[in-house]
Amino acid sequence: GDSVTQMEGPVTLSEEAFLTINCTYTATGYPSLFWYVQYPGEGLQLLLKATKADDKGSNKGFEATYRKETTSFHLEKGSVQVSDSAVYFCALGGGGADGLTFGKGTHLIIQP
Amino acid sequence: DAGITQSPRHKVTETGTPVTLRCHQTENHRYMYWYRQDPGHGLRLIHYSYGVKDTDKGEVSDGYSVSRSKTEDFLLTLESATSSQTSVYFCAISDYSDYEQYFGPGTRLTVT
């Protein structure tokens with residue numbers, strides 16, 4: 001079945017550092033790929049998405065490129081802020097009715 | 001933000017008691033989902049609905065039932081709560097054409 005693998009962390013960085021959170025997936029067909037962010041005590045918010053190979057999703061300074069050849073969708077940001085501290089989830093969806101498949105989440109901590 | 005509310009937001013109950021969680025949407029989206037979030041597991045799909053009175057099981061459906069009598073409401077019932085069902089429960093909605101899901105704020109359930 002479909003699966004998503006991402007580093008669990010915690011990942012601790014200093015403010016203004018470069019961020020990469022790796023995400024790889026296994027899926028049949030051509031899934032859509034997503035990054036969600038969860039702040040403490042809140043639900044998940046869609047951060048960005050890509051629906052086909054070589055698409056780049058971007059939002060709030062975060063970017064991820066759908067790489068079919070390496071089955072990856074790594075999240076990057078050039079300069080992180082303390083306010084980026086959260087849990088980040090990579091997910092894939094086949095476009096069907098049966099929901100998304102999530103990775104286990106990466107806890108990101110940004111220190112001033 | 002998508003109009004999704006969950007009630008109650010917090011609940012403590014005893015083993016063996018029935019519990020019903022409610023998800024209400026104002027977006028008129030066709031698809032609704034119930035997930036549970038546990039440390040080390042990410043989010044796992046419990047049940048989903050693809051229309052009024054149309055529901056199906058997800059990855060971790062044992063011990064749970066659902067009902068959807070109106071487009072806007074999706075109920076999750078634990079017939080006889082167990083300690084292993086202590087978790088944070090999230091409802092999500094999707095209009096399918098865009099594939100991504102939008103999440104509610106969550107319900108924290110503790111079974112003692």
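A, B, ... follow the sequence lines: proteins, then strands. Residue 1 opens every chain. Side chains are part of it too, since the values below use all heavy atoms of this structure and drop only hydrogens, waters and symmetry mates. In this text the structure is predicted, and so the values were computed from the model without any measurement.
A continuous path of ILVMFWY side-chain contacts below 4.5 Å connects B:Ile46 to B:Ile4, so both sit in one hydrophobic cluster. A continuous path of Ile, Leu, Val, Met, Phe, Trp and Tyr side chains, each step under 4.5 Å between heavy atoms, connects A:Leu92 with A:Met7, placing both in one hydrophobic cluster. Under the 4.5 Å side-chain contact rule for hydrophobic residues, A:Val4 and A:Leu44 do not share a cluster. By the rule that hydrophobic residues join a cluster once side-chain heavy atoms approach within less than 4.5 Å of another member, A:Tyr36 and A:Val11 end up as members of separate clusters. Each of A:Phe73 and A:Leu46 belongs to its own hydrophobic cluster when Ile, Leu, Val, Met, Phe, Trp and Tyr are linked at side-chain heavy-atom distances under 4.5 angstrom.
Evaluation of the ring pair (Phe, Tyr, Trp, His ring centres under 6.0 Å) rule for A:Phe62 yields A:Tyr88 as partners, not counting sequence neighbours. With sequence neighbours left out, B:Thr20 forms a side-chain contact (heavy atoms from CB on, under 4.5 Å) with B:Leu75, B:Thr77.
Around CD of A:Gln81, the count of heavy atoms belonging to other residues, nucleotides or ligands within 6.0 Å exceeds 12. Surrounding OH of A:Tyr39 are more than 12 heavy atoms belonging to other residues, nucleotides or ligands, all under 6.0 Å away. Heavy-atom contacts from other residues, nucleotides or ligands closer than 6.0 Å to CD of B:Glu14 number 12 or fewer.
Proximity to chain A (any heavy atom under 4.5 Å) is shown, for B:Gln6, by neither the backbone nor the side chain. Within the 4.5 angstrom heavy-atom criterion, no atom of A:Gln45 approaches chain B.
Atom CD of B:Glu100 sits about 9.5 Å away from atom OG1 of A:Thr51, to the nearest 0.5 Å.
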Step by step, work out the side chain to side chain contact (heavy atoms under 4.5 Å, CB included) result for A:Phe34 and B:Gln101. CA-CA 10 Å; A:Phe34 307 89; B:Gln101 296 179 11; over 6 Å; no
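Residues from residues 104-112 of chain B that place a non-hydrogen atom less than 4.5 Å from a non-hydrogen atom of chain A comprise B:Gly104, B:Pro105, given in numerical order. Contacts of residues 100-112 of chain A with chain B at a heavy-atom distance below 4.5 Å involve A:Leu100, A:Phe102, A:Gly103, A:Lys104, listed in sequence order.
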